[in-house]
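Before any comments, here is the structure.
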Protein chains: 2
Amino acid sequence: MAAQGSSNTAQRILDIAERLVQTQGFNGFSYADIAAELNTTKASLHYHFPTKAVLGTELVARYSRNFQTALEAIEKKESDPLQRLRDYVALYARVLEKDRMCLCGMLASDYSTLPKPMREEVRRFFDGNEAWLARLLEEGRKAHKLRFNGAAGEEARALIGAFEGAMLIARSYDDPSRFESAANRVLARLGEG
Amino acid sequence: MAAQGSSNTAQRILDIAERLVQTQGFNGFSYADIAAELNTTKASLHYHFPTKAVLGTELVARYSRNFQTALEAIEKKESDPLQRLRDYVALYARVLEKDRMCLCGMLASDYSTLPKPMREEVRRFFDGNEAWLARLLEEGRKAHKLRFNGAAGEEARALIGAFEGAMLIARSYDDPSRFESAANRVLARLGEG
DNA sequence: GTCTATAGGTGGATAGAC
DNA sequence: GTCTATCCACCTATAGAC
């Protein structure tokens with residue numbers, strides 16, 4: 001009854017594809033790579049995901065859903081705004097510890113070569129992050145727990161850029177502490193006062 | 001007498017390759033793409049750059065040299081630290097206006113698939129930027145023109161990450177103003193007081 | 001659902017004529 | 001320095017048996 005893309009095998013395919021995209025980019029992996037790791041054939045993969053574009057689109061959609069779920073989990077803890085920000089940063093740090101880049105940060109660099117449906121999903125990811133962060137920032141400022149100037153939405157965008165960029169470069173040095181250091185500077189600044 | 005890589009043709013090849021890498025990544029372009037644009041053949045390109053790894057390495061080396069030259073030009077103007085920072089940001093903005101990503105930011109996302117000599121050149125680029133920025137930051141702080149906490153080197157790293165990340169995401173929205181906005185927030189914070 | 005086999009295309013790279 | 005021709009590996013994708 002379930003759609004093909006939601007079977008167990010499909011999920012295992014997505015798991016492997018996800019790691020490959022996060023480490024090598026969308027143009028840096030192939031069906032053959034996945035097939036080898038799953039001990040199956042390329043043709044079998046095409047049964048579950050007829051084209052690479054479909055696979056990629058479902059990949060980002062799933063990643064976005066999981067990320068949103070993680071954001072909701074942070075909110076449920078009802079901790080203070082600065083702690084929620086720390087939890088948000090920890091989501092990035094956990095990805096980096098697995099020697100991966102944020103899926104959508106990686107896809108942002110592949111953006112010009114992506115099929116249109118993937119582009120839209122990538123944007124949706126950033127839009128969702130921005131909206132969540134902006135709400136948190138505004139709430140934190142009103143409660144005098146977070147300090148920043150100007151529009152919360154713009155600060156949110158700047159934060160996302162800073163985190164994605166810090167992640168990107170930390171990977172080039174195989175040194176997660178570079179991300180931690182940059183993120184902590186940001187948190188310290190926002191928590192001042 | 002000059003090495004092959006420094007002929008006029010070689011430079012034109014590098015110009016085209018540079019744009020292609022900045023827009024599509026190192027794995028997103030081919031000798032065929034360059035040949036088509038130059039109205040020549042793939043075989044001819046291999047005369048100038050025997051392998052793609054060699055081409056890529058010379059590409060990053062040239063980019064780094066040009067960037068360092070631009071940094072020295074900023075220093076020669078002997079403007080105040082905040083203005084020099086603005087000039088630094090303008091280097092990024094000019095790349096983005098051409099719908100390109102910073103070459104080394106793009107290569108950072110391809111990092112795991114790059115030949116070793118390219119990796120080293122990419123790191124050298126970031127190291128050079130960090131050193132230049134750290135000197136500027138420290139000088140600006142001593143002159144009470146720039147305000148930030150902690151080590152200048154760490155602040156420099158955070159800035160580079162923030163700029164690269166803002167660039168990366170701005171490209172996904174085809175909206176350079178996203179970069180400008182994020183960069184201006186950073187500059188405003190550093191210039192406070 | 002998975003397999004074998006294969007199509008049709010493109011990748012980087014080389015040999016050898018001019 | 002540039003060309004034609006070619007190699008071989010790899011790519012995404014499909015047909016059809018099981």
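Note: hydrogens, waters and symmetry copies are ignored here, and every other heavy atom, side chains too, is used. In the text below, chain A, chain B and the rest are named by the order of the sequence lines, each starting its count at 1. As the structure is a computational prediction, the values presented were derived from the model and not from experiment.
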With DNA chain D as reference, determine whether B/Asn39 or A/Phe26 sits nearer its 5' end, using the nearest nucleotide of each. B/Asn39
Rounded to the nearest Å, what distance is computed from the CD atom of residue B/Gln24 to the C1' atom of nucleotide C/dG11? 15 Å
Are any of A/Thr9's side-chain N or O atoms less than 4.0 Å away from OP1 or OP2 of C/dG1? no
Out of C/dG11, D/dT4, D/dT12, which nucleotide sits closest to the side chain of B/Thr41? D/dT4
Taking the side chain as every heavy atom from C-beta outward, state whether A/Arg123 and A/Tyr111 have any pair of such atoms under 4.5 Å apart. yes
Any side-chain N or O of A/Thr40 less than 4.0 Å from the OP1 or OP2 oxygen of C/dC3? yes
Presence of B/Tyr47 side-chain N/O under 4.0 Å of D/dG1 phosphate oxygens OP1/OP2: yes
Taking for each residue the nucleotide of DNA chain D bearing the nearest heavy atom, is the 5' side occupied by A/Ala43 or by B/Arg12? B/Arg12
I want to verify a distance call: between D/dT2, C/dC3, D/dA13, whose nearest atom is closest to the A/His46 side chain? D/dA13
Starting from P on D/dA15, measure out to NZ on A/Lys42 and report it in whole angstrom. 16 Å
Distance check: side-chain N/O of B/His48 vs OP1/OP2 of D/dT2, anything under 4.0 Å? yes
To the nearest angstrom, the CG-P distance between B/Asn27 and D/dC10 comes to 15 Å
Picking from D/dT2, C/dT2, C/dG12, the nucleotide nearest the side-chain atoms of B/Lys52 would be C/dG12
Can you tell me the distance, in whole Å, between the CZ atom of B/Phe29 and the P atom of C/dG12? 7 Å
Side-chain donor-acceptor pair present, A/Glu121, A/Thr57, cut-off under 3.5 Å: no
Check for a donor-acceptor pair, side chain of A/Arg157 on one end and backbone N or O of B/Ala182 on the other, with a separation under 3.5 Å. no
With distance as the sole test, does A/Arg19 use its side chain to make a donor-acceptor pair with the main-chain N or O of A/Lys98 at under 3.5 Å? no
CG of A/Leu55 versus P of D/dC11: gap in Å, rounded? 15 Å
In terms of side-chain heavy atoms, does B/Thr113 have a donor or acceptor partner in B/Asn27 at a distance below 3.5 Å? yes
Figure out the CD1/P separation between A/Ile34 and D/dC11, and round it to whole Å. 11 Å
Look at the side chain of B/Tyr31 and decide which nucleotide, out of C/dT4, C/dA13, C/dG1, has an atom nearest to it. C/dA13
Check whether any side-chain N or O of A/Ser30 sits under 4.0 Å from OP1 or OP2 of D/dC11, and answer yes or no. yes
Expressed as a whole number of angstroms, how long is the span from A/Leu45:CG to D/dT14:C1'? 14 Å
